[in-house]
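Reading through the structure tokens given below for one structure.
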There are 2 protein chains.
Amino acid sequence: MQAARPVTLKELASELGLNISTVSRVLSDPLGRDGKWASPDTTQRIFALAETRGYRRNPYAASLRTNRSNLIGVIVPRLQDYVLATIYEGIDEAALSQDYLTMVSNSLDVPQRQRDKAERLLDHRVDGLIFGDAAEANRGYLDELRDRRVPHTLVSRRIAGHTSVTCDDYRGGQLIAEHLVARGRRVFGVIAGKPGTSTSSERTSGFLDALAELGITEDQVTLAPGGFDAPAGREAAEQILSENPATDAIFAVNDFAAIGALGVLHNRGIRVPDDIALAGYNDTALAAGVNLTTVRSPMHEIGSRGFALLIDQLGGITTESEQLQPELIVRDTA
Amino acid sequence: MQAARPVTLKELASELGLNISTVSRVLSDPLGRDGKWASPDTTQRIFALAETRGYRRNPYAASLRTNRSNLIGVIVPRLQDYVLATIYEGIDEAALSQDYLTMVSNSLDVPQRQRDKAERLLDHRVDGLIFGDAAEANRGYLDELRDRRVPHTLVSRRIAGHTSVTCDDYRGGQLIAEHLVARGRRVFGVIAGKPGTSTSSERTSGFLDALAELGITEDQVTLAPGGFDAPAGREAAEQILSENPATDAIFAVNDFAAIGALGVLHNRGIRVPDDIALAGYNDTALAAGVNLTTVRSPMHEIGSRGFALLIDQLGGITTESEQLQPELIVRDTA
DNA sequence: ATGATGTAGGCAATCGTTTGCGGCAATCGT
DNA sequence: ACGATTGCCGCAAACGATTGCCTACATCAT
């Protein structure tokens, strides 16, 4: 049993004794009720009937004519990741407010999947794409899209040659380093995240550079790359602890990895922050939940700006990348 | 600058010296290359040209004719929530494998937003809807949809009169209670989650009933409702601890709330599980990250079954609700 | 030889909108 | 008073696919 078919323009028109085109023009005039396509009286009658009959434009018919879908596609590594889920929320909210709808897909950070999902979205004629999973590994596809002139922006992570909206991750790394050193920490471990992503590399290089600046020598810091989630954090923490037991501060480039690390510290009876200080990155809800010191990155805003820039591109405007400012959030763990 | 417009059926047809209809029939035959709509030779030629010219069906044109969009809408309380993000992943994966695309929206569990988002999706002519935010508060709208004969299913949470796919939450609550009692716990706190949702009420009633069964009297358990996230967990934990300092076990109906509780326990220097045992629900990645004892609920499968049932409905089949089995995961905290 | 059955493919209507181009009055300027 | 505007609105051609109904020919059985 199907839902009742919605009224069409044609039905409205015949019921009003008008031509379809008039009704269409009045109803889709951006000025709404005071558009100038018909007499005030006619305009009122049209809106009134459309209202009572519950008219809803058929977006497919419209898109067929206009060649615009008012749909945009979003590719993220994984929606399970709080950070990208939040960025996506920012995108979706901005989109909704401008009458766009969005479709998301997970790429799991594997290039082939990224390509497949994106093409699939393109097959559905999305007007543009937003990528949350830019990395060295898929730069090739992104470049191809640029050559095909497919409007797109990058969020969260960036690569050269594509307009992106990111947090100033380098600065974020510096903030943590400065804070930790100011609190008297001297031997560092960094849980560096996924190689080949700007979020990882810039946060750690900001951290490392600031440390060097403050006179910490290289042999006092041990790096452990991996992923962005709690299990990866566990592993990295184990590695750091076994490589340098004198470590007195750990910086994880992601809150979830930090929580994983926190788990192993608790297990080993290491007190936080008394024995080892711990800092994360992003200021997720969970960071507040466990009182983790972290850096707030404006995830929601990254999403909405990413969408705004995409709309600019659709309007033919050339866009510039943006970097949003991070903020240090000091809580109990460091 | 726009991306190059894709080839159309008409162009393929004229280039092949065939009629559009023939090309259409061959290309959209479910049997693919060995459909029986044209001679094997013609069929080959059609597929070959479609391939080299990169033909992609225009879904809007198709939908206009067929009145099917191959799109389904998903409404969740909030994608930031790992549990619903995972369920959504399950939905999306199943959908993709059957050539459906999905669109998600957050309702934030507020009825008006749920309605708005759903109607918006319906305006876009989705073929059906999947709700992850069913609750007493929005039963009205759901019932209305049923009356309007809009195909839909519920996932994660359920209400009577709508086909749903959920975890057997009552059983899950029992599992935790039995485990805790077997470990010698006697004074309980339960962080009960959001009122009016089946996940909350069934998990806690399963827990409570099992406790009663095992001879625990009511005055030995204190209930603290709230939400499903870490901050809500913190608050609830504080409340439980102040209401009954003798508490020796806490069950949170959600892992995130459990992590919040874990935070306050650590803060107060309470040892887990030595002083107080703690259990969560869902077995999210984070639970593994902090070695939390929990109940695994098959979130991914809930999503894919929810989608499958929706497809059944679209096929005119009447569907029955399903309950999937939970599994106790014992780790360090209880 | 005849009608039945199959095979290969064309015709044209249709889905619901959008939009370029006019048409017809009433109004205005001079 | 008369051509030029302006205000209102209709006509019909797209947009790109799907699909019911035909046609034309070949094959087959009787």
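Treat the numbers as computed from the prediction; the structure is a model and nothing was measured. The sequence lines fix the lettering, A, B, ..., with proteins before strands; numbering per chain opens at 1.
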- Could you check how far CG of B:Asn19 sits from C1' of C:dT7, rounded to whole Å? 17 Å

- Message: Under 4.0 Å, heavy atom to any atom of DNA chain C: which of residues 50-60 of chain A qualify?
- Response: A:Tyr55, A:Arg56, A:Arg57, A:Asn58

- Task: May I have the distance from A:Asn70 (atom CG) to C:dT18 (atom P), rounded to whole angstrom?
- Result: 11 Å

- Can you tell me if the side-chain N/O atoms of A:Thr66 get under 4.0 Å from OP1 or OP2 in C:dT17? no

- Message: Could you tell me if the side chain of A:Leu16 sits less than 4.5 Å from the side chain of A:Leu49, heavy atoms only?
- Response: yes

- Item | Donor/acceptor link under 3.5 angstrom from B:Ser63 side chain onto base of C:dC15 | no

- Tell me what A:Ser21 touches on the nucleic acid: a base, only sugar-phosphate, or nothing, going by heavy atoms under 4.0 Å. base

- Go through the steps to decide whether B:Arg120 and B:Asp123 satisfy the test salt bridge (charged side-chain N to carboxylate O under 4.0 Å, His left out), and finish with yes or no. CA-CA 5 Å; B:Arg120 189 133 183 170; B:Asp123 284 352; over 6 Å; no

- Message: Please compare A:Val7 and B:Arg65 by the position of their nearest nucleotide in DNA chain C and report the one closer to 5'.
- Response: B:Arg65

- Do the charged groups of B:Lys117 and B:Asp133 touch, with an N to O distance under 4.0 Å? no

- Query: Got A:Leu129 and A:Leu121 here, is their nearest side-chain heavy-atom distance under 4.5 Å?
  - Reply: yes

- Task: Would you please confirm or rule out a distance under 4.0 Å between OP1 or OP2 of C:dT18 and any side-chain N or O of A:Ser24?
- Result: yes

- Item | Lys/Arg-Asp/Glu bridge criterion (N-O < 4.0 Å) met for A:Arg115, A:Glu119 | no

- Show your working on salt bridge (charged side-chain N to carboxylate O under 4.0 Å, His left out) between B:Arg78 and A:Glu89 and close with a plain yes or no. CA-CA 9 Å; B:Arg78 185 147 206 182; A:Glu89 287 188 6; 2.7 Å; yes

- Mapping B:Asn67 and B:Gly17 to their closest nucleotides on DNA chain C, which lands nearer the 5' end? B:Gly17

- Item | Nearest-Å distance for atom pair CG/C1', residues B:Asp29 and C:dG9 | 15 Å

- Specify the separation, in whole Å, of atom NZ of B:Lys10 and atom C1' of C:dG10. 16 Å

- Item | Full working for side-chain contact (heavy atoms from CB on, under 4.5 Å) between A:Tyr88 and A:Ile130 | CA-CA 10 Å; A:Tyr88 173 65; A:Ile130 297 181; over 6 Å; no

- Could you state the CG-P distance from B:Leu9 to C:dT14, rounded to the nearest angstrom? 20 Å

- For A:Leu18, answer base if it contacts any base atom (sugar-phosphate contacts may also be present), sugar-phosphate if it contacts only those atoms, and nothing otherwise; contact means non-hydrogen atoms under 4.0 Å. sugar-phosphate

- Message: If you apply the rule salt bridge (charged side-chain N to carboxylate O under 4.0 Å, His left out), what do you find for B:Arg113 with B:Asp116, and how did you get there?
- Response: CA-CA 5 Å; B:Arg113 276 178 83 99; B:Asp116 289 347; over 6 Å; no

- Compare all side-chain heavy atoms of B:Ile302 with those of B:Cys167 and state whether any distance is below 4.5 angstrom. yes

- Query: Where does the chain A footprint on DNA chain D start and end, counting 5' to 3' with a 4.0 Å heavy-atom cut-off?
  - Reply: D:dC8 to D:dG16

- Separation of C:dT18 P from B:Leu64 CG (nearest whole Å): 12 Å

- Item | Comparing B:Ala61 and B:Thr22 on DNA chain D - which has the more 5′ nearest nucleotide | B:Ala61

- Query: Does any donor atom in the side chain of B:Asp41 or B:Ser39 lie under 3.5 Å from an acceptor atom in the other side chain?
  - Reply: no

- Task: Hunt down the Watson-Crick or G-U wobble partner of C:dG20, both distances under 3.5 Å, from any strand shown, or write none.
- Result: D:dC11

- Message: One character per nucleotide, please: for nucleotides 21-26 of chain C, 5' to 3', B when the base has a protein heavy atom closer than 4.0 Å, S when only the sugar-phosphate does, - otherwise.
- Response: ------

- Note on the structure: The Watson-Crick or G-U wobble partner of C:dC28, with both key distances under 3.5 Å, is D:dG3

- Message: Test your reading of the model: is there a side-chain donor-acceptor pair from B:His124 to the backbone of B:Leu122, 3.5 Å cut-off?
- Response: no

- Quick one: do the A:Thr319 and A:Asp312 side chains pair a donor with an acceptor below 3.5 Å? no

